[in-house]
Amino acid sequence: MSWDTNWDTIFKERPWGKYPGEDLIRFVARNFYQSPDRSAIKILEVGSGTGANLWFIAREGFQAYGVEGSLTGVELTQQRLNQEVDGWQGNVSQGDITSLFYDDDFFDAVIDIEACSCNSFEHSKRIYAEMARVLKPKGLFYSRAFSTGGEGDGTGKKIGYNFYQAATGPMGGLGNIRYTSEEDIQDLLPSSLSLIELDQIVLRGNRTDNPVLEWLITAQK
């Protein structure tokens, strides 16, 4: 299993984000708000954490599915959805995101909000391949990943290719974090996915010498 057990402790001891990022809202709105039947759209998040993104997806009337390694994260997500989204559809389960238990061609969209960034390059390739496998033909893939050159990259103990126990940045002291170069993206994406949009954003620190940088990756099967 690719999941770091440290996250179970983190989810228990500190509040985590309760709301989705603007980029995810934009991705969902741009691609699925015009659907004649939102309840027929199935969206999967790998590494769904404590459910901020699934909460948004479910509130907007889509089927919300999540696979998360932390049982605490799963329980917090289910609790929030049950309390705040009447009649939500989907499923949130504890599982290994390198080996998803869903059938081929099942989801209209799959999303990864920095879950792959907590995994080695080899595991990340496997996760992306699994995301592509369960995605319907013409379905959409969305991933947000920490970029090389941003704060935290190269700090702390190196444990693999662009993979560190980072000492600084938003993941400093929280466990393993991998930084993605632009050249890495094509290597990470399986051949079944076609890259359709790639943006690099500054999460914060745009007036400093060491900002937090992230990739926004959109692809289609």
Side-chain angles (χ1 to χ4, degrees), residues 1-21 24 28 39 41-60 62-136 139 141-146 159-160 163 165 170-171 173-178 188 190:
M1 192 163 180
S2 64
W3 172 67
D4 182 351
T5 56
N6 185 52
W7 284 101
D8 210 46
T9 302
I10 293 171
F11 291 151
K12 287 177 180 177
E13 295 182 349
R14 60 179 283 185
W16 207 249
K18 292 189 67 176
Y19 302 100
L24 177 66
V28 173
S39 67
I41 301 296
K42 297 190 288 288
I43 301 176
L44 169 70
E45 180 177 16
V46 298
S48 49
T50 55
N53 302 313
L54 296 182
W55 171 83
F56 160 71
I57 289 165
R59 280 189 75 250
E60 293 301 307
F62 305 105
Q63 294 186 43
Y65 291 79
V67 177
E68 166 59 46
S70 165
L71 182 58
T72 297
V74 170
E75 291 173 344
L76 289 171
T77 300
Q78 291 173 336
Q79 182 181 42
R80 187 180 185 194
L81 289 173
N82 290 336
Q83 290 178 347
E84 300 184 23
V85 187
D86 290 338
W88 71 277
Q89 297 182 66
N91 181 265
V92 184
S93 302
Q94 185 181 30
D96 183 356
I97 61 176
T98 66
S99 182
L100 298 173
F101 42 76
Y102 290 104
D103 292 336
D104 296 356
D105 307 333
F106 188 75
F107 292 102
D108 298 279
V110 291
I111 62 175
D112 152 49
I113 306 300
E114 291 159 351
C116 275
S117 289
C118 297
N119 288 268
S120 69
F121 191 83
E122 294 75 16
H123 275 164
S124 295
K125 287 190 73 170
R126 197 180 309 169
I127 294 165
Y128 275 13
E130 278 290 276
M131 292 171 70
R133 178 185 64 79
V134 301
L135 190 61
K136 293 178 180 178
F141 167 101
Y142 184 76
S143 179
R144 192 165 84 206
F146 288 109
I159 54 177
F163 200 29
Q165 293 176 343
M171 299 296 290
L174 294 181
N176 303 335
I177 183 70
R178 182 182 53 78
L188 287 166

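In this structure, the separation between CG on Asn91 and CD on Gln63 is 10.5 Å, given to the nearest 0.5 Å. Here CG of Leu188 is found 4.0 Å from CZ of Phe121. Values are rounded to the nearest 0.5 Å. Considering CD1 of Ile43 and CD of Glu60, their distance stands at 10.0 Å, rounded to 0.5 Å. The CG atom of Leu24 sits 4.5 Å away from atom CD1 of Ile111, with the distance rounded to the nearest 0.5 Å. A distance of 7.5 Å separates OG in Ser70 from CG in Leu76, rounded to the nearest 0.5 Å. Here CZ of Phe141 is found 9.0 Å from CG of Leu135. Values are rounded to the nearest 0.5 Å.
Residues Pro190 and Ala132 come closest through the heavy atom pair CG-CB, 3.7 Å. Of all heavy-atom pairs spanning Ile97 and Ala115, the tightest one is CD1-CB, 4.2 Å. Heavy-atom minimum distance, Leu81 versus Ala58: CD2-CB, 3.8 Å. Residue Leu54 comes nearest to Ser48 through the heavy atom pair CD1-CB, 3.7 Å, listed as atom of the first residue, atom of the second, then distance.
At least one side-chain heavy atom of Cys116 sits less than 4.5 Å from a side-chain heavy atom of Arg178. Residues Val46 and Val110 are not in side-chain contact: their nearest non-hydrogen atoms beyond the backbone lie 4.5 Å or more apart. Glu68 is not listed as a side-chain neighbour of Val92, based on a closest heavy-atom distance of 4.5 Å or more.
Among Ser117, Ser143, Ser124, the one residue that satisfies the side-chain hydrogen bond (donor to acceptor under 3.5 Å, both in side chains) test with Asp112 is Ser143.
The main-chain N or O of Gly69 is found under 3.5 Å from a side-chain atom of Gln94 such that the two form a donor-acceptor pair. Without hydrogens or angle criteria, Thr77 side chain to Gly49 main chain gives a donor-acceptor distance under 3.5 Å.
With sequence neighbours excluded, the residues that form a salt bridge (Lys or Arg N to Asp or Glu O under 4.0 Å) with Glu84 are Arg80. By the salt bridge (Lys or Arg N to Asp or Glu O under 4.0 Å) test, Asp86 is found to be paired with no residue, residues two or more places apart in sequence or in another chain being considered.
With a 6.0 Å cutoff to the six-membered ring centre and a 45° limit on the axis angle, Lys42 does not count as a cation-pi contact of Tyr65.
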* To do: Go through the steps to decide whether Phe101 and Val67 satisfy the test side-chain contact (heavy atoms from CB on, under 4.5 Å), and finish with yes or no.
  => CA-CA 9 Å; Phe101 42 76; Val67 177; 3.9 Å; yes

* To do: Please lay out, stage by stage, how Phe62 and Val28 fare under the test side-chain contact (heavy atoms from CB on, under 4.5 Å).
  => CA-CA 10 Å; Phe62 305 105; Val28 173; 3.6 Å; yes

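In this structure, Arg133 pairs ionically with Glu130, as a charged nitrogen and a carboxylate oxygen lie closer than 4.0 Å.
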